[in-house]
Amino acid sequence: MAIPIKNERAIAQMRDACAIASTVLYKLRDSVGPGITTYDLDQIGRELIAGLGARSACYGYQVDSRRFPAFTCLSVNEEVVHGIGSLKRVLHDGDIIALDLVVEYEGYIGDNAMTVAVGKISDARAKLLRVTEESLRLGIAQATVGNRIGDISHAVQTHVEKHGFGVVRDMVGHGVGTSMHEEPQIPNFGRRGKGELIKPGMTLAIEPMVNVGSWRTRTLADGWTIVTADSKDSAHFEHTVLTTERGPEVLTLPRLDSPLSIHAV
Ligand code: MF3
Ligand code: CO
């Protein structure tokens, strides 16, 4: 199967979907703090998405016979990704929480995530967040025409492991467009010069998931929440990136010039 190449019209649609995804993500971040439940955060996410005329691509997302029951993915501390908001999960000062926001707008999907501090966090947790975000930035920098997907993977893995952390292997980044998951897969580990050739017009969701300890994970009994096997902390950052002849363009940044922008919410 070939990697979809987006034409000008599809790229414009991706820009809109991604602007909404990032606007909601930044707004949701503003609601994070000690005392709020992850259920409340999910409801805020639901309202923000609806307020911009979009739809959560997570809600009802089907794997085998199971459907994801929440509007956002909220993953606290040792939870890696795909956490489900719960009234029983109250955020405490010192926690970290990954917010993963995927929206569909007029048939196109924007996907982005960030991990944020709840109140004041330990230096160790701050380092995890910093290194994970840096690894995303270094991965994005490799998303240039003529490079290969392995160049992204290698850049992420090298940075993460230099700091003694582990990159999650059983989940990967992905192409994104009219479906949440398109080709290619974008592992956060791999070899330079390997994998698919990067051409202009690809829209790629690059998303390092980084563990303080082992890269191994397991799934909770809810069938969705992925946690670290050793119960140590994990962080996740993600952007949707357009490849162009002029270099990578991050589509999931809040846009100031658009009615979809953060100031219009
Ligand atoms: N960003 C996540 C991913 O690409 C979103 C998953 S939505 C869920 O896999 F429904 F699976 F939770
Ligand atoms: Co994704």
Side-chain angles (χ1 to χ4, degrees), residues 3-4 14 17-18 20-22 24-26 28-29 38-39 41-43 45-46 48-49 54-76 79-86 89 97-105 108-116 132-133 135-136 139-140 143 149 152-153 156 167-189 202-210 217 219-227 234-243 248 250-253:
I3 301 174
M14 285 298 290
C18 288
I20 293 173
S22 67
V24 173
L25 182 62
Y26 278 78
L28 191 59
R29 179 189 67 172
T38 55
Y39 176 85
L41 281 176
D42 189 57
Q43 289 299 307
R46 178 177 66 79
L48 288 167
I49 294 167
R55 181 185 77 77
S56 163
C58 291
Y59 184 76
Y61 180 79
Q62 192 168 356
V63 176
D64 302 325
S65 60
R66 295 174 297 111
R67 289 181 177 276
F68 192 73
F71 298 89
T72 64
C73 296
L74 303 170
S75 309
V76 183
E79 296 172 354
V80 180
V81 287
H82 303 169
I84 299 166
S86 164
R89 188 89 199 220
I97 180 169
L99 316 170
D100 190 351
L101 228 299
V102 198
V103 305
E104 187 246 72
Y105 181 70
Y108 283 81
I109 292 188
D111 188 359
N112 63 171
M114 64 166 80
T115 304
V116 297
T132 307
E133 190 170 17
S135 74
L136 171 58
I140 291 171
I149 295 299
I152 300 173
S153 309
V156 171
V167 281
V168 171
R169 293 168 188 239
D170 29 22
M171 279 159 309
V172 297
H174 50 92
V176 56
T178 52
S179 308
M180 178 157 59
H181 298 135
E182 296 182 346
E183 293 209 34
Q185 293 199 353
I186 310 175
N188 294 301
F189 59 97
M202 294 179 176
T203 45
L204 307 175
I206 303 175
E207 51 176 320
M209 290 152 269
V210 174
T217 65
T219 307
L220 293 187
D222 64 20
W224 290 101
T225 310
I226 310 290
V227 297
S234 186
H236 178 213
F237 284 82
E238 176 174 22
H239 274 305
T240 300
V241 175
L242 170 70
T243 58
V250 179
L251 298 183
T252 38
L253 294 174

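Note that ligands are numbered from 1 as they come in the structure, with each ligand's atoms numbered from 1 the same way.
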By ring pair (Phe, Tyr, Trp, His ring centres under 6.0 Å), F189 pairs with (sequence neighbours left out) none

With no hydrogens and no angle check, is any side-chain donor or acceptor of S56 less than 3.5 Å from a backbone partner on F71?
-> yes

For Y61, check ring pair (Phe, Tyr, Trp, His ring centres under 6.0 Å) against everything at least two apart and list the hits.
-> H181

Around the Co ion (ligand 2), what protein N, O or S atoms are found below 2.8 Å?
-> D111 OD2, H174 NE2, E207 OE2, E238 OE2

Can any side-chain N or O of N112 pair as donor or acceptor with the backbone N or O of H239 at less than 3.5 Å?
-> no

Is the backbone N or O of D64 less than 3.5 Å from a side-chain atom of Q62, with the two atoms forming a donor-acceptor pair by type?
-> yes

So do C73 and W224 actually touch side chain to side chain, heavy atoms under 4.5 Å?
-> no

Inspect the surroundings of CD in Q185 and state if more than 12 heavy atoms from other residues, nucleotides or ligands are less than 6.0 Å away.
-> no

Collect the protein residues that have a non-hydrogen atom under 4.0 Å from ligand 1 and hand them over in chain and number order.
-> C58, Y61, F68, C73, H82, D100, V102, D111, H174, M180, H181, E207, W224, E238

Side-chain (T240) to main-chain (T252) donor-acceptor, under 3.5 angstrom | no

Does the T115 side chain pair with the main chain of H236, one donor and one acceptor, at a distance under 3.5 Å?
-> yes

